[in-house]
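Reading through the structure tokens given below for one structure.
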Amino acid sequence: MSKLRVAVLGANGRIGSEAVRAVEAAEDMELVAALGRGDKLETLTESGAQVAVELTTPDSVMRNLEFCVRHGIHGVVGTTGWTEDRLAQLNQWLADSPSTGVLIAPNFSIGAVLTMKFAEAAAPYFESVEVIELHHPKKVDAPSGTAARTAQLIAAAREKAGSAPQPDATATALDGARGADVDGIPVHSVRLRGLLAHQEVLLGGEGETLTIRHDSLHHSSFMPGILLGARKVVTTPGLTFGLEHFLDLNG
Ligand SMILES: NC(=O)C1=CN([C@@H]2O[C@H](COP(=O)(O)OP(=O)(O)OC[C@H]3O[C@@H](n4cnc5c(N)ncnc54)[C@H](OP(=O)(O)O)[C@@H]3O)[C@@H](O)[C@H]2O)C=CC1
Ligand SMILES: O=C(O)C1=N[C@H](C(=O)O)C[C@H](O)C1
């Protein structure tokens with residue numbers, strides 16, 4: 001059987017360099033290109049890449065994906081910074097290239113995907129929910145894509161269940177003291193030397209709290225998800241948002 005021809009964009013970065021090693025080590029894949037900033041996107045077509053793993057920066061990802069989708073190269077995207085406008089733009093490009101697939105995964109680690117699922121399930125049963133994400137100090141964005149997605153899922157679950165707004169009697173506060181408001185859910189971002197990628201979802205009800213915590217201790221935690229994404233995206237046209245859609249979490 002022929003090997004899946006995979007390229008990595010952002011190949012010199014923290015997660016990109018780990019992805020290069022993971023693709024090289026995968027028996028069913030061939031690493032055909034490893035691009036850093038300034039490298040020509042035409043290398044992707046010249047190398048016959050079928051899948052581009054996009055791990056760059058929010059200011060580069062759209063240009064890279066436009067090129068990939070226009071050339072029928074499937075995308076596995078970990079880069080953050082997704083807004084409704086960006087997703088709409090990507091969907092337009094995909095509409096013109098209907099056999100191409102793009103997976104955007106706010107987080108490729110199984111533990112983080114499960115954290116989101118558990119938080120979504122628990123959210124309607126507690127009066128209060130807040131999210132704390134903790135990352136290394138070189139992370140360019142805040143809040144993390146995972147925390148934003150987690151808060152959106154929590155808010156949607158609470159709205160569906162008809163949950164009351166969260167109690168919060170704060171009358172005065174310093175700017176930022178209550179975190180960022182993501183669909184009504186407070187999200188707090190910590191940047192600390194020594195950390196990699198961590199998240200806590202705190203839920204509070206009458207006389208009890210529940211804390212769901214996930215820790216990525218090494219970039220290797222993201223690799224099985226990236227490889228799974230590359231294998232599945234080639235037969236999944238259109239936009240898939242969230243690795244959970246490629247996992248059987250209900251079995
Ligand atoms: N979904 C997930 O599970 C995960 C997602 N991420 C996300 O991945 C992204 C990268 O994170 P991280 O590796 O820590 O960041 P880094 O800054 O370490 O890596 C990004 C790399 O991309 C390079 N780059 C920028 N623009 C381009 C371009 N146009 N073409 C090719 N390479 C480019 C940068 O080069 P230069 O240094 O020259 O700018 C840099 O080497 C972030 O958005 C992060 O949040 C990270 C971990 C897990
Ligand atoms: O920049 C990182 O490191 C990470 N970025 C992603 C995010 O913003 O959620 C995933 C993970 O948290 C690591």
Side-chain angles (χ1 to χ4, degrees), residues 7-22 33-44 49 52-68 73 75-83 86 102-116 119 131-153 180 182 187-201 213-230 233 240-247:
V8 175
L9 305 183
N12 305 317
R14 278 177 290 271
I15 183 168
S17 52
E18 187 78 22
V20 163
R21 285 190 287 276
L35 272 55
R37 192 189 279 277
D39 288 342
K40 286 205 179 97
L41 286 172
E42 288 68 27
T43 309
L44 298 176
V53 177
E54 218 291 4
L55 301 166
T56 63
T57 53
D59 64 340
S60 294
V61 63
M62 292 305 280
R63 188 171 154 264
N64 288 343
L65 284 182
E66 180 177 14
F67 181 92
C68 290
I73 299 169
V76 172
V77 183
T79 305
T80 45
W82 290 98
T83 60
R86 284 183 164 216
V102 172
L103 165 70
I104 298 174
N107 202 305
F108 285 111
S109 89
I110 182 68
V113 172
L114 288 172
T115 297
M116 288 187 255
V131 177
I132 307 175
E133 57 94 342
L134 311 92
H135 281 81
H136 59 88
K138 290 202 168 162
K139 181 165 178 55
V140 289
D141 57 330
S144 70
T146 307
R149 182 68 180 152
T150 306
Q152 287 163 357
L153 292 170
V182 179
V187 177
H188 310 269
S189 296
V190 176
R191 296 291 173 265
L192 201 70
R193 180 72 61 203
L195 296 181
L196 180 58
H198 317 259
Q199 177 164 289
E200 284 189 2
V201 181
R213 180 172 172 115
H214 175 255
D215 300 276
S216 265
L217 304 171
H218 191 273
H219 280 100
S220 55
S221 60
F222 305 114
M223 296 306 125
I226 289 178
L227 298 182
L228 176 75
V233 76
T240 303
F241 196 94
L243 185 69
E244 61 274 20
H245 299 290
F246 285 179
L247 297 164

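Just the heavy atoms: all of them, side chains too, but no hydrogens, waters or symmetry mates, feed the values below. Ligands are counted one by one from 1 in listed order, and the atoms in each one are counted from 1 as well.
Looking at Ile15 next to ligand 1, an N or O pair under 3.5 Å apart turns up. On a distance-only criterion, Gly38 and ligand 1 share no N/O pair closer than 3.5 Å. An N or O contact shorter than 3.5 Å links Arg14 to ligand 1 by distance. The shortest N or O to N or O distance between Lys139 and ligand 1 is under 3.5 Å. Checked against a 3.5 angstrom limit, the closest N/O atoms of Phe108 and ligand 1 fall inside it. At least one N or O atom of Ser60, backbone or side chain, sits closer than 3.5 Å to an N or O atom of ligand 1.
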Report task. Would you check, one step at a time, whether the test side chain to side chain contact (heavy atoms under 4.5 Å, CB included) holds for Val77 with Val102? Result -> CA-CA 7 Å; Val77 183; Val102 172; 3.9 Å; yes

Report task. Please report the C-alpha distance between Ser189 and Lys139 in whole Å, then the side-chain angles of each, then the deciding distance to 0.1 Å, and finally whether the side chain to side chain contact (heavy atoms under 4.5 Å, CB included) criterion is met. Result -> CA-CA 11 Å; Ser189 296; Lys139 181 165 178 55; over 6 Å; no

Report task. Determine, step by step, whether Thr146 and Thr115 satisfy the side chain to side chain contact (heavy atoms under 4.5 Å, CB included) criterion, reporting the C-alpha distance in whole Å, the side-chain angles of both residues, the deciding distance to 0.1 Å, and the verdict. Result -> CA-CA 10 Å; Thr146 307; Thr115 297; over 6 Å; no

**Report entry** Candidate pair Ile132 and Val190, rule side chain to side chain contact (heavy atoms under 4.5 Å, CB included), full reasoning
**Finding:** CA-CA 8 Å; Ile132 307 175; Val190 176; 4.2 Å; yes

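Residue contacts with ligand 2 for His136 involve side-chain atoms from C-beta outward but no N, CA, C or O (heavy atoms, distance under 4.0 Å). Only the side chain of His135 comes within contact range of ligand 2, with a heavy atom under 4.0 Å; no backbone atom does. With a 4.0 Å cut-off on non-hydrogen atoms, Thr80 touches ligand 2 through its side chain and not its backbone. In Ser216, neither the side chain nor the backbone holds a heavy atom less than 4.0 Å from any atom of ligand 1. With a 4.0 Å cut-off on non-hydrogen atoms, Lys138 does not touch ligand 1 at all. Residue contacts with ligand 1, taken as heavy atom pairs separated by less than 4.0 Å, do not involve Thr146 at all. With a 4.0 Å cut-off on non-hydrogen atoms, Ala197 touches ligand 2 through its side chain and not its backbone. Both the backbone and the side chain of Asn107 come within contact range of ligand 1, each with a heavy atom under 4.0 Å. Counting heavy atoms closer than 4.0 Å to ligand 1, residue Phe222 contributes side-chain atoms (C-beta onward) but none from N, CA, C or O. Residue contacts with ligand 2 for Ser216 are absent, since no atom lies close enough (heavy atoms, distance under 4.0 Å).
Scored by the salt bridge (Lys or Arg N to Asp or Glu O under 4.0 Å) test, Arg191 finds Glu133 as partners (sequence neighbours excluded). Taking the salt bridge (Lys or Arg N to Asp or Glu O under 4.0 Å) definition, one finds that Asp39 meets it with nothing, sequence neighbours left out.
Taking both residues in full, the closest heavy atoms of Ser60 and Arg37 are given as OG-NH1, 4.0 Å, listed atom of the first, atom of the second, then distance. Looking at every heavy atom in both residues, Val182 comes nearest to Ala148 through CG1-O, 3.8 Å. The shortest non-hydrogen separation linking Val61 to Thr56 is N-OG1, 3.9 Å.
For the pair Leu103 and His245, the minimum side-chain heavy-atom distance is 4.5 Å or more. Counting heavy atoms from C-beta on, the side chains of Leu55 and Ile226 come closer than 4.5 Å. Inter-residue side-chain proximity for Pro106 and Thr80 is flagged as unmet; no heavy-atom pair is nearer than 4.5 Å. Inter-residue side-chain proximity for Phe241 and Arg149 is flagged as met; some heavy-atom pair is nearer than 4.5 Å. Residues Asn107 and Leu243 fail the side-chain proximity criterion, which asks for heavy atoms closer than 4.5 Å.
Of all atoms in ligand 1, numbered sequentially from 1 with element shown, those under 4.0 Å from a heavy atom of Thr57 are 25 (C), 26 (N). Atoms of ligand 1 lying under 4.0 Å from at least one heavy atom of Leu35, given by number and element, are 31 (C), 32 (N). Interface atoms of ligand 1 facing Pro106, defined by a heavy-atom separation under 4.0 Å, are 1 (N), 2 (C). Near Asn12, the atoms of ligand 1 lying under 4.0 angstrom from a non-hydrogen atom of the residue are 41 (O). For ligand 2, the atoms sitting less than 4.0 Å from at least one non-hydrogen atom of Asn107 are 10 (C), 11 (C), 12 (O), numbered in the order shown with element in parentheses. For ligand 1, the atoms lying closer than 4.0 Å to a non-hydrogen atom of Gly36 are 30 (N), 31 (C), 32 (N). Contact atoms of ligand 2 toward Ser144: 7 (C), 8 (O), 9 (O) (distance under 4.0 Å to a heavy atom of the residue).
Atom 43 (O) of ligand 1 has its nearest heavy-atom neighbour, among Asn64, Leu196, Thr80, in Thr80. Residue Arg37 holds the heavy atom nearest to atom 36 (P) of ligand 1 of all those in Arg37, Glu18, Arg149.
Nearest to atom 20 (C) of ligand 1 among the protein's heavy atoms is Thr56 O, 3.5 Å. Among all protein heavy atoms, the one lying closest to atom 8 (O) of ligand 2 is Lys139 NZ, 2.7 Å. The nearest heavy-atom contact from the protein to atom 23 (C) of ligand 1 is Gly10 CA, 4.0 Å. The shortest contact between atom 1 (N) of ligand 1 and any protein heavy atom is with Ala105 O, 2.9 Å. Nearest to atom 9 (O) of ligand 2 among the protein's heavy atoms is Thr146 OG1, 2.5 Å. For atom 6 (N) of ligand 1, the closest non-hydrogen atom of the protein is Gly78 O, 3.8 Å. Regarding atom 7 (C) of ligand 2, its nearest protein heavy-atom neighbour is Gly145 N, 3.4 Å. Distance from atom 40 (C) of ligand 1 to its nearest protein heavy atom, with residue and atom name: Gly13 CA, 4.1 Å.
Checking atom 34 (C) of ligand 1 against the protein gives no heavy-atom contact under 4.0 Å.
Rounding to the nearest 0.5 Å places CG of Leu134 at 6.0 Å from CG of Leu195. Here the straight-line distance linking atom CG of Leu65 with atom CD1 of Ile104 works out to 7.0 Å at 0.5 Å rounding. Atom CZ in Phe108 sits 6.5 Å away from atom CD1 in Ile15 (nearest 0.5 Å).
Judged by distance alone, the side chains of Thr150 and Gln199 do bring a donor and an acceptor atom under 3.5 Å apart.
At distances below 3.5 Å, at least one donor-acceptor pair connects side-chain atoms of Thr43 with backbone N or O atoms of Lys40.
Using a cutoff of 4.0 Å between basic side-chain nitrogens and carboxylate oxygens, Glu18 and Arg21 are scored as salt-bridged.
Not close to ligand 2: Arg149, with no non-hydrogen atom less than 4.0 angstrom away.
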